[in-house]
Amino acid sequence: MHVSNTINCSGLSTAPTVLRIKQALIGLPDSKLPLSVLVDSECDCARLVNSLGSTAGDVYLASDIRQIPAYLSAEAQRSDRSADTIHRVS
Amino acid sequence: MVETTGSGTTSDSETYGLTPEAPDFAFDPGDPWTRTFQMGLERANLQGKTVYEVGIGTGINAAFVLRMCGVSRVFGSDLDPRLVELAERNIHSLSPEHAEQFQPVKGAVSLVDTEEARAKISQTDVVIACLPQVGDPRDSRLAAFREAQSVPLASGADERAEDHIAHYYPWAMFDEYPFNAVGLGLNEALLRRIRKHAPKAEVVMNFGCRIGTDIIFDFFRANGFEPEKLASQMVRQDAGTDISFFVALEKALTGTGLEKEFVCEFFADEEGDMPLSACEAQNLSEQNPDVALYHEVCVIRGRPTGA
């Protein structure tokens with residue numbers, strides 16, 4: 001069962017974002033944490049973190065794909081990635 | 001204008017004089033979902049347009065838009081290669097005068113993922129589709145999520161019916177799409193492909209609204225389409241379709257403070273006056289497996305923004 005440690009939550013409001021994060025965390029080994037989460041720039045991250053409770057520490061929120069570690073490492077190898085393909089770089 | 005007209009006990013074949021060949025591996029063309037979809041298609045101003053149906057099924061909708069909506073041409077494909085052959089036969093028998101206007105894309109076509117399908121979608125004005133919104137109960141990642149919420153699978157839900165792919169999709173396979181979280185991953189994959197290969201095309205899609213209409217509208221906007229509800233009808237929850245996915249979504253939000261922001265929309269009555277959450281609906285179903293549960297089915301047109 002392959003589970004990515006980078007997910008795109010663009011366009012999702014807070015409740016489905018929490019659902020997507022919880023779904024992604026299931027089966028993700030500790031060695032792959034934190035889970036990188038791309039959110040919209042208008043995302044209320046404080047509220048999102050509050051809703052995640054104790055699991056918030058396992059999550060890295062970013063509103064710009066260039067802030068995502070997996071993206072940065074992939075960019076070092078290839079420079080033509082789009083936001084639509086971040087799932088592939090984890 | 002959107003009408004709610006009850007659960008649709010009159011079959012399409014009775015209404016329109018169309019009686020398609022419908023083997024067990026095809027979605028039942030007499031299902032009220034089909035009637036709702038056709039109500040929306042009637043209101044979609046399809047006259048003279050080229051339409052592509054993704055998931056052609058029996059071909060009942062293709063025959064309908066050729067006969068009743070005045071479309072100029074219909075393309076169609078399906079993941080199950082038997083269905084496009086069936087659709088071709090049905091259109092020839094149901095509407096022989098329009099048979100030449102139907103151009104099947106043969107073979108097993110997932111969404112529009114063949115060269116021929118992409119070529120045809122690029123010539124299309126309106127893409128129509130009614131795709132599954134429930135993950136396959138046997139999907140291992142979905143099962144892990146369900147088990148984490150302590151939600152059991154309904155009895156028999158893991159048995160594969162002949163028309164399985166008309167009801168469920170491989171959930172983990174579409175997890176790159178954000179709205180897969182609420183069961184819209186397959187539909188989102190289609191919208192992305194349409195934006196890429198037919199950026200000016202409209203879409204007319206049929207949805208079960210068990211996750212609520214607001215989030216479906218968010219889904220359209222996030223993918224570059226302005227949504228408009230064309231038709232709506234209350235239908236009985238298909239007894240063979242598992243709702244544990246929706247229960248797991250609600251339970252996953254327990255303790256987050258977001259419990260009221262996402263509540264599934266089932267009903268205990270056909271009129272839609274007695275709303276039920278997915279948890280409440282499942283409790284009723286466990287007490288009485290024959291209990292009637294309802295949900296809204298609606299047809300939404302998406303117009304590309306910025307096209």
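Order of the sequence lines sets the chain letters (A, B, ...), proteins ahead of strands, with each chain counted from 1.
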Let's go through B:D175 and A:R20 carefully: what are the C-alpha distance in whole Å and the side-chain angles of both, what is the deciding distance for side-chain contact (heavy atoms from CB on, under 4.5 Å) to 0.1 Å, and is it a yes or a no? CA-CA 9 Å; B:D175 202 34; A:R20 185 153 167 78; 3.2 Å; yes
Which answer fits B:I215, side chain, backbone, both or neither, if we ask what part of it has an atom under 4.5 Å from a heavy atom of chain A?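 Contact with chain A involves the side chain of B:I215 alone.
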Using non-hydrogen atoms and a 4.5 Å limit, figure out which bit of B:E147 sits close to chain A: side chain, backbone, both or neither.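 Interface part for B:E147: neither.
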In terms of heavy-atom contacts, does CG of A:D44 have more than 12 from other residues, nucleotides or ligands at under 6.0 Å?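 Yes, the 6.0 Å shell around CG holds more than 12 heavy atoms from other groups.
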Donor-acceptor contact below 3.5 Å, side chain [X] vs main chain [Y]:
| X | Y | value |
| --- | --- | --- |
| B:R221 | A:G11 | no |
| B:T256 | A:S51 | no |
| A:Q23 | B:F145 | no |

Please name the pair of heavy atoms, one in B:R141 and one in A:A24, separated by the smallest distance, quoted to 0.1 Å.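 Residues B:R141 and A:A24, closest heavy atoms: NH2-CA, 3.9 Å.
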Are side-chain heavy atoms of A:R47 and B:L258 found at a separation under 4.5 Å?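 A side-chain contact under 4.5 Å exists here.
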Side chain proximity check, B:L253 to A:L19, heavy atoms < 4.5 angstrom: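 With C-beta onward as the side chain, the pair touches.
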Do you know which of B:A181, B:A252, B:P178, B:A222 has the most heavy-atom pairs under 4.5 Å to chain A?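 Option with the greatest count: B:P178.
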Inter-residue atom distance A:S10.OG - B:F179.CZ, 0.5 Å rounding: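 Between A:S10 OG and B:F179 CZ, I get 9.5 Å after rounding to 0.5 Å.
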